[in-house]
Amino acid sequence: MKLFTVGPVEMYPSTLKIEGKQQPYFRTEEFSKVMKNIEKNFLASVFAPKNALFVALTCSGTGAMEAAVVNTVNKDDKVLVINGGSFGTRFKELCKYHGFEYDEYLIPYGEAFDKEEFEKFSQKGFTVLLVNACETGTAQKYDLKYLGDFCKKNDMIFIVDAVSAYLADPIFMEECNIDILFTASQKALALAPGISLVAISERAYSERIVNNHLSYYFDFNYYIDNQKRGQTPFTPAVGTLLATDERLQTIIDNSIEVEWKKHRNRAEHFRRRLKELPLNIPSYPMSNCCTCILFDDNASEIYTKFKEKYDIYLTPSGGELKNKQLRVGHLGNLELCDYDLLIELLKKELY
């Protein structure tokens, strides 16, 4: 089996070795040291501001999305959601579910984020901005520096879902004025699903989180207090956290720039070779996490054929896009030669 998916992804041998061991007891000094090391390295990997806080949640990326919203947004807030696809829609649905006032900047399918259109939301009383660093459903990447400046100008709390973009694209939390940023274990970290890592600015904590208690399990205050001693308030996914520590330490030791370059090289190599095929990709900026490939009407057929004939998993799309697009992931334990093989197989099936 070969995964060209956007999560879970191909895991590294060192991760498989750790995840395959007996789960240890975790209320120990040794595990506390692991958690403190994860905190240090994760905050360094996103260039978090001084005094930033850290939370490790045992949940999927959607759990982190909800946690970020309920810990930060209040009933008197006016939330702006950038909705460019299924995960932008998820932010909107979370606001609706919890009864928060919101509006959305809706990006029609296939179109790029338009800064001139977005500026129409400036000085309109919005207090929180929710955005996916990249919309995983379409691979569109957003300009976080521009959005951070927009939030600073409008005195808005800036919340960024970097679940798919983390490590694939450069992210500078402090430079982009990001207040809350989170990712999940099954993406570029190439771990088992189940852990979400959250970085929190001192501003977000002191102005919002310390007074927000809209959830029991997801209350960041519990996690922040426990993290002071390197622990979590509830039982975590212990094995995945041990693997997280190993992966993050390896990434930091090799340098974050090497990790960015690895994902950029994969994306550029695959997109360059795609030009050999009768297929198109979107014209908007795409994240290095994956490439969106556009089909006339046979995307689902190609997905099924690759799964059943070659044991290769591409990333399908749902709903109206089922037959219109596939996504090829650039995360995890993959090499350029894997993409060369994929191109040759696509040639075989398309010609």
Side-chain angles (χ1 to χ4, degrees), residues 39-55 61 64-65 67-74 76-84 87-88 91-92 94-95 100 102-105 107 113-135 140-183 196-212 220 224 256-257 260 285 287:
E39 174 183 15
K40 174 175 68 73
N41 286 334
F42 179 65
L43 293 178
S45 73
V46 297
F47 297 84
K50 183 180 179 181
N51 299 324
L53 300 161
F54 167 77
V55 161
M65 292 175 78
V69 170
V70 299
N71 277 275
T72 311
V73 181
N74 300 309
D76 57 351
D77 275 312
K78 187 177 179 183
V79 181
L80 178 58
V81 178
I82 296 176
N83 184 0
F87 289 92
F91 261 140
K92 182 182 76 171
L94 283 167
C95 289
F100 298 133
Y102 72 91
D103 198 353
E104 63 178 323
Y105 167 55
I107 306 172
F113 180 96
D114 187 322
K115 292 179 181 178
E116 185 175 343
E117 283 295 312
F118 189 73
E119 283 295 331
K120 295 178 181 179
F121 293 95
S122 186
Q123 305 304 321
K124 294 294 177 63
F126 291 102
T127 54
V128 179
L129 177 63
L130 305 178
V131 67
N132 318 99
C134 74
E135 172 50 64
Q140 181 163 184
K141 179 177 67 173
Y142 301 123
D143 185 341
L144 296 181
K145 181 64 170 67
Y146 162 75
L147 293 173
D149 290 342
F150 179 92
C151 287
K152 187 173 184 179
K153 179 176 64 176
N154 286 274
D155 193 25
M156 299 170 70
I157 292 289
F158 188 21
I159 299 176
V160 175
D161 162 11
V163 169
S164 295
Y166 173 65
L167 298 179
D169 304 314
I171 294 178
F172 300 90
M173 185 176 175
E174 182 174 26
E175 180 181 316
C176 295
N177 301 304
I178 298 170
D179 291 292
I180 295 183
L181 179 143
F182 55 87
T183 191
S196 290
L197 306 177
V198 188
I200 302 164
S201 73
E202 188 175 32
R203 173 198 180 202
Y205 174 71
S206 61
E207 294 184 7
R208 299 290 182 132
I209 293 167
V210 73
N211 296 314
N212 271 28
F220 281 168
I224 290 167
I256 192 70
E257 289 80 8
W260 292 338
S287 167

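All figures in this text were calculated on a predicted structure; none of them were measured in a lab. FYI, side chains are in, hydrogens and waters are out, and symmetry mates aren't considered; it's all heavy atoms of this structure.
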Practice problem: Using side-chain hydrogen bond (donor to acceptor under 3.5 Å, both in side chains) as the criterion, point out the one residue from N154, D77, D155 that pairs with T127. | Solution: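 For T127, the side-chain hydrogen bond (donor to acceptor under 3.5 Å, both in side chains) test succeeds with only one of N154, D77, D155, which is D77.
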
Between [Y] and [X], does any NZ, NE, NH1 or NH2 come within less than 4.0 Å of an OD or OE carboxylate oxygen?
X	Y	result
E119	K124	no
R208	D179	no
D149	K153	no

Exercise. Kindly check if the number of other-residue, nucleotide or ligand heavy atoms within 6.0 Å of NZ (K152) is above 12?
Key: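 No, NZ of K152 has 12 or fewer neighbouring heavy atoms, counting only those of other groups under 6.0 Å.
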
Quick one: pull up [atom1] in [X] and [atom2] in [Y] and give me the separation to the nearest 0.5 Å.
X	Y	atom1	atom2	result
I224	I209	CD1	CD1	5.0 Å
S164	F87	OG	CZ	6.5 Å
D103	K78	CG	NZ	7.0 Å
K92	I82	NZ	CD1	14.0 Å

Quiz item: Taking L181 as the fixed residue, which of I159, I171, D161, L144 is the one that meets the side-chain contact (heavy atoms from CB on, under 4.5 Å) rule?
Solution: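 Of the listed residues I159, I171, D161, L144, the side-chain contact (heavy atoms from CB on, under 4.5 Å) partner of L181 is I171.
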
Quiz item: Would a line drawn from the ring center of F113 to the ring center of Y105 be shorter than 6.0 Å?
Solution: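 They qualify: ring centres under 6.0 Å apart.
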
Quiz item: Can the ring centroids of Y166 and F42 be said to lie less than 6.0 angstrom from one another?
Solution: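 Aromatic pair counts; centres sit under 6.0 Å.
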
Exercise. Describe, in one word, how the ring planes of F150 and F118 are oriented to each other, choosing from parallel (under 30°), tilted (30 to 60°) and perpendicular (over 60°).
Key: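 Tilted, since the angle between the ring planes falls between 30° and 60°.
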
Exercise. Look at the aromatic rings of F172 and F47 and report parallel, tilted or perpendicular, splitting at 30° and 60°.
Key: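 Geometry flag for F47 against F172: tilted rings.
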
Quiz item: Quick one: does E202's side chain have a donor or acceptor within less than 3.5 Å of a partner on K50's backbone?
Solution: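 Checked: no pair found.
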
Quiz item: Looking at Y146, does the NZ or CZ of K115 lie under 6.0 angstrom from its six-membered ring centre and within 45 degrees of the ring axis?
Solution: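 Satisfied, under 6.0 Å and within 45°.
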
